[in-house]
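Below, each value reflects all heavy atoms present in this structure, side chains not excepted, and no hydrogens, waters or symmetry copies.
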Amino acid sequence: MLKAVILDFDGTLADTLPLCIKAFRMAIEPHLSRTLSDEEIIATFGPSEEGTIKVLIPDQFDEGLAAYHEHYVAFHSEVPTLFEGVEELLAFLKQRNVRLALVTGKALKSALISLDFYQIRDCFEQIGHGDLTKGHKAKNIRRILNEWNLTPDEVVYVGDAPSDITACREAGVPIVSAAWAATAEPDLLRSMEPDALLFSVSDLRHWLEAKLAN
């Protein structure tokens with residue numbers, strides 16, 4: 001029986017990936033004296049945003065990170081709401097006594113900025129985050145399973161990135177690929193054979209309702 005849902009953030013709960021890229025560009029480009037393409041920025045993903053800044057402007061890391069956080073906070077007003085249905089989904093899962101955790105590649109500071117902006121920090125019992133060296137999603141998922149004394153078949157992870165599928169296979173938990181953000185790559189996700197590929201938060205709720213009914 002499903003007892004816990006672990007969620008990604010960017011591209012899963014809110015359409016914040018473009019916001020992140022814009023904040024990176026504003027923080028990093030002044031130190032490079034040139035423009036950065038989205039592809040250049042995305043190619044550094046895996047580590048948290050700290051890792052991206054460390055790769056692109058290592059000699060101005062502290063200044064760049066401070067500027068990133070400043071812009072990240074300011075640009076949140078451009079994405080004022082979560083994806084349609086997310087708040088209702090979180091409330092539904094709480095009502096059904098399903099435990100909720102967030103496991104994101106974001107560093108803790110930026111994750112908390114977003115959770116507080118959307119006023120959903122209290123929805124999550126656990127937060128797993130990245131750092132500047134590499135992604136830690138599989139490690140964080142396994143840690144949460146151990147701390148909650150759950151087996152892999154009692155948990156599902158929901159995330160939008162191909163790397164989420166890889167992390168879940170490593171952690172041994174089912175993965176629902178979220179393909180409702182404009183930045184999602186459904187064909188690539190499908191080719192990696194997630195346990196489910198869904199195209200709306202409403203579809204996710206129906207999928208979870210079916211699991212909870214079993």
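To the nearest 0.5 Å, the span separating CG on Leu198 from CH2 on Trp180 amounts to 6.0 Å. Atoms CG and CD1, from Leu36 and Ile42 in turn, are 11.5 Å apart once rounded to the nearest 0.5 Å. We find the CG-OG distance between Leu204 and Ser177 to be 11.5 Å, quoted to the nearest 0.5 Å. The line from CG of Leu212 to CE of Met1 is 6.0 Å long, rounded to the nearest 0.5 Å. Here the NE2-CD1 distance, from His31 to Ile53, works out to 9.0 Å after rounding to the nearest 0.5 Å. With rounding to the nearest 0.5 angstrom, the CD1 atom of Ile6 is 9.0 Å from the CG atom of Asn140.
In this structure, a donor-acceptor pair under 3.5 Å is present between the side chains of Tyr72 and Lys106.
Contact detail for Phe83 and Ala14: the closest heavy-atom pair is CE1-C, 3.3 Å. Listed here is the closest heavy atom pair of Glu88 and Arg205: O-NH1, 4.0 Å. When all heavy atoms of Arg143 and Ile127 are compared, the closest pair comes out as NH2-O, 3.7 Å. The minimum heavy-atom distance linking Phe199 with Arg190 is given by the pair CZ-NH2, 3.7 Å. Residue Ala161 comes nearest to Leu189 through the heavy atom pair C-CD2, 3.8 Å, listed as atom of the first residue, atom of the second, then distance. Annotation for Leu102 and Phe124: closest pair N-CD2, 3.7 Å, computed over non-hydrogen atoms.
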Under the salt bridge (Lys or Arg N to Asp or Glu O under 4.0 Å) rule, what do Glu40 and Arg34 come out as? Steps first, then yes or no, please.
CA-CA 12 Å; Glu40 280 183 278; Arg34 66 177 180 86; 3.1 Å; yes

Take Asp8 and Val158 through the side chain to side chain contact (heavy atoms under 4.5 Å, CB included) test and state the conclusion after the steps.
CA-CA 6 Å; Asp8 178 38; Val158 183; over 6 Å; no

Leu82 and Glu87: side chain to side chain contact (heavy atoms under 4.5 Å, CB included), yes or no, with the steps?
CA-CA 7 Å; Leu82 299 163; Glu87 290 185 52; 3.6 Å; yes

The test is side chain to side chain contact (heavy atoms under 4.5 Å, CB included); show your working for Met192 and Thr166 and say whether it passes.
CA-CA 9 Å; Met192 296 180 69; Thr166 303; 3.6 Å; yes

Verdict with supporting geometry, Glu50 and Leu65, side chain to side chain contact (heavy atoms under 4.5 Å, CB included):
CA-CA 7 Å; Glu50 296 170 350; Leu65 184 60; 3.9 Å; yes

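When the shell of 6.0 Å around CD of Glu29 is examined, it contains more than 12 heavy atoms from other residues, nucleotides or ligands. Around the CD atom of Glu84, the shell of radius 6.0 Å holds no more than 12 heavy atoms that belong to other residues, nucleotides or ligands.
No side-chain heavy atom of Leu7 sits less than 4.5 Å from a side-chain heavy atom of Val103. Annotation: side chain of Phe45 is in contact with side chain of Leu17 (closest heavy-atom distance under 4.5 Å). Asp10 is listed as a side-chain neighbour of Cys20, based on a closest heavy-atom distance under 4.5 Å. Looking at Ile165 and Cys168, their side chains never come closer than 4.5 Å, going by heavy atoms from C-beta outward. The side-chain heavy atoms of Phe92 and Val98, taken from C-beta on, include no pair separated by under 4.5 Å. Pro47 is not listed as a side-chain neighbour of Thr52, based on a closest heavy-atom distance of 4.5 Å or more. Using a 4.5 Å heavy-atom threshold, the side chains of Leu145 and Val173 count as touching. Residues Met26 and Glu70 form no side-chain contact, since every pair of their non-hydrogen atoms from C-beta on lies 4.5 Å or further apart.
Using a cut-off of 4.0 Å between Lys/Arg side-chain N and Asp/Glu carboxylate O, Lys139 and Glu170 are scored as not salt-bridged. Ionic pairing of Asp195 and Arg169 is present here: one or more N-O contacts between side-chain nitrogen and carboxylate oxygen are shorter than 4.0 angstrom.
Proximity of a side-chain donor or acceptor of Ser110 to a complementary backbone N or O of Ala107 within less than 3.5 Å is detected.
Residues Val5 and Val176 share a single hydrophobic cluster, defined by chaining ILVMFWY side chains whose heavy atoms lie under 4.5 Å apart. Phe9 and Phe24 end up in the same hydrophobic cluster when Ile, Leu, Val, Met, Phe, Trp and Tyr side chains are linked at under 4.5 Å. Hydrophobic clustering (side-chain heavy atoms under 4.5 Å, transitive across Ile, Leu, Val, Met, Phe, Trp, Tyr) groups Ile41 together with Leu19. At a threshold of 4.5 Å between side-chain heavy atoms, the hydrophobic network of Ile, Leu, Val, Met, Phe, Trp and Tyr places Leu89 and Ile175 in two separate groups. Linking ILVMFWY side-chain heavy atoms closer than 4.5 Å, directly or via other members, places Trp207 and Leu93 in a single hydrophobic cluster.
Identified under the side-chain hydrogen bond (donor to acceptor under 3.5 Å, both in side chains) test for residues 145-159, with sequence neighbours left out: Lys3-Glu154, Gln126-Glu147, Lys137-Tyr157, Thr151-Asp153, Thr151-Glu154. Residue pairs that meet the ring pair (Phe, Tyr, Trp, His ring centres under 6.0 Å) test with at least one member in residues 95-117, sequence neighbours left out, are His76-Phe117.
The ring-ring contact (aromatic ring centres under 6.0 Å, His included) check on Phe75 picks up His71, with sequence neighbours excluded.
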